[in-house]
Amino acid sequence: MSASKRVAVVTGSNKGIGYAIVRGLCTQFQGDVILTARSEANGQEALKKLNAEGLKPVFHQLDITDGTSVQRMRDFLQKNYGGLDVLVNNAAIAYKSEIDKLQSEFSGTCEVENPPYGAQKIAATEPFSEQADVTMATNFWGTLNACKVLFPLLRPHARVVHVSSIAASMTAVKCSQELQTRFLDPELSMLKIEQLMNEFVESAKTGTHKANGWHDSAYGMSKIGVNLMAFVQQRELNADCRPDIVVNSCCPGDVATDMTSCIGMKTIDEGADTPLYLAMLPANTTSPRGHFVVEREIQNIL
Ligand SMILES: NC(=O)c1ccc[n+]([C@@H]2O[C@H](COP(=O)([O-])OP(=O)(O)OC[C@H]3O[C@@H](n4cnc5c(N)ncnc54)[C@H](OP(=O)(O)O)[C@@H]3O)[C@@H](O)[C@H]2O)c1
């Protein structure tokens with residue numbers, strides 16, 4: 001490793017779409033690719049499988065909900081690379097009941113005959129208040145905190161990709177008009193997004209979220225936060241002295257992974273296509289920048 005060598009980091013990449021993004025970056029990205037996992041054992045296992053394909057990512061532990069783990073990641077990058085060139089925020093969770101609800105809204109999904117991970121459909125029984133809190137803690141706050149700690153390392157021409165979901169748009173259109181107006185506020189700031197996400201969780205805790213205009217998808221709400229985050233971060237980075245840093249969010253499509261109980265139209269490598277396209281956007285890309293992207297095309301968030 002050398003302090004000026006280029007480096008790409010993918011969060012939650014021991015399995016699923018993140019794993020496939022690492023595999024793709026290993027062949028497309030000029031530099032080291034860091035495969036991260038919250039479990040050291042799962043990360044090492046994934047590393048072994050990629051090594052068997054002749055690919056050589058580097059492993060580093062990372063739990064995006066653990067501030068100390070995120071700081072260790074930053075220190076590792078600073079010491080060994082002196083910066084960061086690609087950050088793919090892929091790590092996320094979803095309660096099974098959420099995904100069942102969403103899959104019933106997708107048309108054309110099908111169950112794979114031989115689930116590659118042996119996953120089973122088990123409906124979540126946790127109360128919605130808990131699901132809202134825990135989902136938001138990983139998908140929104142974990143992603144945001146990782147960005148806050150790692151963004152100072154981004155070098156000119158860095159690419160940031162938030163792996164979000166079309167579930168965000170499906171959820172946003174079911175929220176009240178007043179909330180939709182707040183999502184589309186031209187003066188939107190990170191503080192306002194944080195307030196929105198906090199309000200949703202607080203409403204869920206008191207069982208008043210529907211009465212207050214929110215849709216009852218904690219996963220969808222967390223991904224609205226992620227999409228809005230990309231938009232605001234891009235605006236902030238446009239004013240940064242480091243040129244040409246591009247942030248986008250995207251949906252990988254309907255992918256058969258553990259998250260979806262191995263039900264989905266796409267393989268993990270197909271799901272990795274749009275995240276990889278965004279991670280590899282050429283220098284001085286003018287569009288997409290701060291957008292939500294599906295199948296390599298910009299989509300409205302509402
Ligand atoms: N599959 C789909 O159809 C679909 C559709 C739309 C969007 N997405 C998005 O695509 C991304 C990848 O999903 P997937 O389907 O590949 O899911 P997955 O197979 O369940 O993989 C999720 C990954 O995130 C990791 N993770 C969870 N919490 C973490 C934390 N606190 N810190 C670090 N890593 C953490 C998991 O680690 P462990 O192994 O330790 O749990 C795992 O590596 C997610 O952002 C998801 O929302 C997926």
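Everything numeric in this text was worked out from a predicted model, so none of it was measured. The figures here come from the full heavy-atom set of this structure, side chains too, leaving out hydrogens, waters and symmetry mates.
How far CE of Met136 is from CD1 of Ile93: 10.5 Å, rounded to the nearest 0.5 Å. Atoms NE2 and NZ, from His215 and Lys210 in turn, are 8.5 Å apart once rounded to the nearest 0.5 Å. Taken from CD in Glu45 to OG in Ser39, the straight-line distance is 9.5 Å, to the nearest 0.5 Å. To the nearest 0.5 Å, the span separating CZ on Arg155 from CG on Asp244 amounts to 14.0 Å. We find the OG-CD1 distance between Ser13 and Ile21 to be 8.5 Å, quoted to the nearest 0.5 Å. Note that NZ of Lys205 is 11.5 Å distant from CZ of Phe200, once rounded to the nearest 0.5 Å.
Closest approach of Met197 and Met221 over heavy atoms only: SD-O, 3.5 Å. Closest approach of Val161 and Ala279 over heavy atoms only: CG2-N, 3.6 Å. Pro282 and Arg159 make their closest contact through O-NH2, 2.7 Å (heavy atoms, listed as atom of the first residue, atom of the second, distance). The heavy-atom pair separating Met73 from Ile34 by the smallest distance is CE-CG2, 3.9 Å. Nearest heavy atom pair, residue Ser203 against residue Asn212, reads OG-ND2, 3.2 Å. A pairwise comparison of heavy atoms in Leu278 and Pro288 identifies CD2-CG, 3.7 Å as the closest pair.
Side-chain contact, Thr135 with Asn139: no donor N or O sits under 3.5 Å from an acceptor N or O. Defined by atom type and a distance below 3.5 Å, a donor-acceptor pair is present between the side-chain atoms of Gln234 and Asn238. Using modelled atom types and a 3.5 Å distance limit, the side chains of Ser69 and Asp63 yield no donor-acceptor pair. Remark: the Thr143 side chain and the Asn89 side chain contain no N/O donor-acceptor pair separated by less than 3.5 Å. With hydrogens and angles left out, the side-chain atoms of Ser249 and Asn227 include a donor and acceptor closer than 3.5 Å. Side chains of His162 and Gln233: a donor on one and an acceptor on the other come within 3.5 Å.
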Evaluate the side-chain contact (heavy atoms from CB on, under 4.5 Å) criterion for residues Val7 and Val33: first the C-alpha distance (whole Å), next the side-chain angles of each, then the deciding distance (0.1 Å), finally the verdict.
CA-CA 6 Å; Val7 63; Val33 181; over 6 Å; no
Between Asp273 and Glu270, does the side-chain contact (heavy atoms from CB on, under 4.5 Å) criterion hold? Intermediate values first, please.
CA-CA 5 Å; Asp273 178 73; Glu270 289 167 343; 5.9 Å; no
Does the pair Phe59 and Glu40 meet the rule for a side-chain contact (heavy atoms from CB on, under 4.5 Å), with working shown?
CA-CA 9 Å; Phe59 172 69; Glu40 177 96 26; 3.6 Å; yes
Start with the C-alpha gap between Glu199 and Arg182, add the side-chain angles, then the distance that decides, and say whether salt bridge (charged side-chain N to carboxylate O under 4.0 Å, His left out) holds.
CA-CA 12 Å; Glu199 275 178 41; Arg182 288 173 70 192; 2.8 Å; yes
Given side-chain contact (heavy atoms from CB on, under 4.5 Å), test Phe151 with Leu237 step by step and report yes or no.
CA-CA 10 Å; Phe151 271 24; Leu237 284 162; 3.9 Å; yes
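In this structure the side chain of Asp185 reaches within 4.5 angstrom of the side chain of Lys192, judged on heavy atoms. Counting heavy atoms from C-beta on, the side chains of Val86 and Val9 never come closer than 4.5 Å. Contact of the Phe292 side chain with the Val294 side chain is registered, since non-hydrogen atoms from C-beta on lie closer than 4.5 Å. Inter-residue side-chain proximity for Tyr219 and Gln131 is flagged as unmet; no heavy-atom pair is nearer than 4.5 Å. Looking at Glu202 and Thr206, their side chains never come closer than 4.5 Å, going by heavy atoms from C-beta outward. Within the 4.5 Å cutoff, side-chain heavy atoms of His157 are placed close to those of Asn284. Side-chain contact between Met190 and Ile193: present, with at least one pair of heavy atoms (C-beta onward) separated by less than 4.5 Å. Residues Leu144 and Glu194 meet the side-chain proximity criterion, which asks for heavy atoms closer than 4.5 Å.
The main-chain N or O of Ser129 is never found under 3.5 Å from a side-chain atom of Asp133 such that the two would form a donor-acceptor pair. Not a single donor-acceptor pair under 3.5 Å links the side chain of Arg38 to the backbone N or O of Ile64. Remark: side-chain polar atoms of Thr36 are paired, donor with acceptor, to backbone N or O of Val10 under 3.5 angstrom. Between the Asn90 side chain and the Val163 main chain, no donor and acceptor come within less than 3.5 Å of each other. Counting only distance, with no hydrogens or angles, the side chain of Asn80 and the backbone of Phe76 share a donor-acceptor pair below 3.5 Å. With Arg23 contributing its side chain and Tyr19 its backbone, the two residues share no donor-acceptor pair below 3.5 Å. Here the side chain of Thr11 pairs a donor or acceptor atom with the backbone of Ala91 at under 3.5 angstrom. Using modelled atom types, one side-chain atom of Asn51 and one backbone atom of Leu55 make a donor-acceptor pair closer than 3.5 Å. Formation of a donor-acceptor pair under 3.5 Å by the Ser261 side chain with backbone atoms of Ile263 is not found in this model. A donor-acceptor pair under 3.5 Å is formed between the side chain of Arg235 and the backbone N or O of Leu188.
A ring-centre distance under 6.0 Å is found for Phe128 and His209.
Within 6.0 Å of atom CD in Glu53, more than 12 heavy atoms from other residues, nucleotides or ligands are found, so the atom counts as buried in its surroundings.
Of the candidates Val58, Leu50, Leu25, Leu35 forms a side-chain contact (heavy atoms from CB on, under 4.5 Å) with just one, namely Leu50.
A salt bridge does not link Asp32 to Arg6: none of the charged side-chain nitrogens sits closer than 4.0 Å to a carboxylate oxygen.
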